[in-house]
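Okay, structure first, notes after.
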Amino acid sequence: MTPAANAGEAVWEADYRDWIALLKPRVLTLVVFTGVIGLIVAPGHLHPVLAFTAILCITVAAGACGAINMWYDRDIDAIMRRTRKRPIPAGRIEPGGALAFGVTLAAGSVIVMGLAVNIPAALILALSICFYVFIYTIWLKRRTPQNIVIGGAAGAFPPVIGWAAVTGTVDLVPLVLFGIVFIWTPPHFWSLALWANDDYRKAGVPMLPVVAGARETRRQIMLYSLVLVPLTLAPFFLGFSGLAYCVAATVLGLVFLLRVYRVLADDQDDDGRSLTGDAPAKSAFKYSIYYLFALFGALALDRLVG
């Protein structure tokens with residue numbers, strides 16, 4: 001089946017794995033995890049059934065964003081090597097079906113969150129969906145190299161949503177958690193963009209390595225990381241976490257800075273392109289995922305034990 005095949009036939013040839021793939025499950029896992037941590041560390045108590053409902057709504061909403069993103073980006077996904085086998089460009093799911101799927105999930109997640117949990121959490125959930133779809137996917141991604149910087153806010157909402165699900169409010173601590181994910185996103189994604197640079201160039205997506213070059217991208221990764229690591233200590237200095245989290249965040253952060261420094265110091269040609277196959281950038285990208293998991297996990301453990 002090719003993208004030019006009959007749309008109706010494409011839908012019938014899709015199986016459940018294609019619909020799951022639309023949800024971007026690998027991206028979804030980290031998003032949902034930070035939402036769960038926001039819920040766990042929030043003061044107060046939420047009935048287990050309502051807590052499960054809140055997590056489910058965050059999960060469904062994140063998946064909906066992935067489906068709508070794949071619908072909108074189906075033209076560039078067909079060009080890029082790492083995305084051309086996705087269900088829509090591969091012709092297994094018809095674009096209109098993917099859009100309807102995403103919109104239905106998005107609307108349903110917000111409605112259920114509002115009816116079952118509370119209105120503030122539902123409003124923040126709706127804001128996160130709108131930000132990802134309209135601000136990042138439709139407006140920023142194809143127009144500016146700052147797409148990941150500004151658009152990173154979309155992925156930073158889940159801990160705030162989890163907190164609001166328990167408390168019905170937002171205060172300084174969830175905003176700090178928002179800030180951590182927000183500042184983490186550029187070095188995380190630009191590490192990927194360094195070795196997926198050719199894909200983005202062919203697709204006409206103005207990622208920072210395409211517009212500013214690999215050398216400047218490496219410098220920006222380092223600068224954001226130098227802001228990120230001290231920011232991760234804010235929960236301790238605000239009195240929200242204990243010494244165990246402080247030690248864990250410091251050790252994790254130092255390892256992160258070491259990985260990022262290796263990206264900066266990678267053997268490069270005159271244009272800043274890696275002579276080692278971007279091995280340090282790939283290593284930094286993979287570690288950045290484990291880093292955020294471990295950092296938020298350490299915060300939750302510190303709060304639960306404390």
*Please walk me through it: do F33 and F296 pass ring pair (Phe, Tyr, Trp, His ring centres under 6.0 Å)?*
CA-CA 8 Å; F33 180 75; F296 274 68; 7.2 Å; no
*Take T34 and L177, measure what side-chain contact (heavy atoms from CB on, under 4.5 Å) needs, and give me the verdict at the end.*
CA-CA 9 Å; T34 59; L177 300 182; over 6 Å; no
*Dump the intermediate steps for salt bridge (charged side-chain N to carboxylate O under 4.0 Å, His left out) on D75 and R142, then the final yes or no.*
CA-CA 12 Å; D75 56 335; R142 306 190 190 204; 2.8 Å; yes
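In this structure, the side chain of R74 does not engage the main chain of M70 through any donor-acceptor pair within 3.5 Å. Side chain of W195 to main chain of S191: a donor-acceptor pair is present (N/O by atom type, distance under 3.5 Å, no hydrogens or angles). Looking only at distances, a side-chain donor or acceptor of D302 sits under 3.5 Å from a matching main-chain atom of G242. In this structure, the side chain of T59 engages the main chain of I55 through a donor-acceptor pair within 3.5 Å. Under the 3.5 Å distance criterion, the side-chain polar atoms of W71 are left unmatched by any main-chain donor or acceptor of G102. For the pair Q146 (side chain) and V149 (backbone), a donor-acceptor distance under 3.5 Å is absent. Of the possible polar contacts, none joining the T144 side chain to the L140 backbone as a donor-acceptor pair under 3.5 Å is found. Distance alone, capped at 3.5 Å, is enough to place a donor-acceptor pair between the R303 side chain and the F240 backbone. Judged by distance alone, the side chain of S283 and the main-chain N or O of P280 form no donor-acceptor pair under 3.5 Å.
One side chain, N69 or T137, offers a donor N or O that lies under 3.5 Å from an acceptor on the other.
The shortest heavy-atom contact between P174 and V160 is O-CG2, 3.5 Å. In this structure, G44 and V166 approach most closely via the heavy-atom pair C-CG1, 3.9 Å. Listed here is the closest heavy atom pair of I40 and A300: CG2-CB, 4.2 Å. The minimum heavy-atom distance between L125 and S109, with the atom names listed, is CD2-O, 3.7 Å. In this structure, L50 and A116 approach most closely via the heavy-atom pair CD2-O, 3.1 Å. Taking every heavy atom of both residues into account, I76 and T83 meet most closely at O-OG1, 4.2 Å.
Within the 4.5 Å cutoff, no side-chain heavy atoms of I135 are placed close to those of C130. Looking only at side-chain heavy atoms (C-beta outward), Q220 and L208 come within less than 4.5 Å of each other. L123 places none of its side-chain heavy atoms less than 4.5 Å from the side chain of L127. With contacts defined as side-chain heavy-atom distances shorter than 4.5 Å, the pair I289/K286 does not qualify.
Salt bridge annotation for R218-D278: present, with a cationic side-chain nitrogen under 4.0 angstrom from a carboxylate oxygen. For D15 and R92, the salt-bridge test fails: no basic side-chain N is under 4.0 Å from an acidic carboxylate O. A salt bridge between R86 and D18 is absent, with no side-chain N of the basic residue lying under 4.0 Å from a carboxylate O of the acidic one. We find that D198 and R201 are joined by a salt bridge, their nearest charged nitrogen and carboxylate oxygen being less than 4.0 Å apart.
Here I68 contributes atom CD1 and D73 contributes atom CG; the two are 12.0 Å apart, rounded to the nearest 0.5 Å. Rounded to the nearest 0.5 angstrom, I148 CD1 and K141 NZ are separated by 7.5 Å. Residue Y261 holds its OH atom at 15.0 Å from CD1 of I221, rounded to the nearest 0.5 Å.
Using cut-offs of 30° and 60° on the angle between ring planes, the pair F189 and Y200 is tilted. Ring-plane geometry between Y132 and Y136 is classed as tilted, the angle between the planes lying from 30 to 60 degrees on a 0 to 90 degree scale.
For F256 and Y291, the ring centers sit closer than 6.0 Å to each other. Between Y224 and W190, the ring center distance clears the sub-6.0 Å criterion. In this structure, the ring of F101 has its center less than 6.0 angstrom from the ring center of W19.
Annotation for R82: atom CZ counts as buried by contact number, over 12 foreign heavy atoms lying within 6.0 Å.
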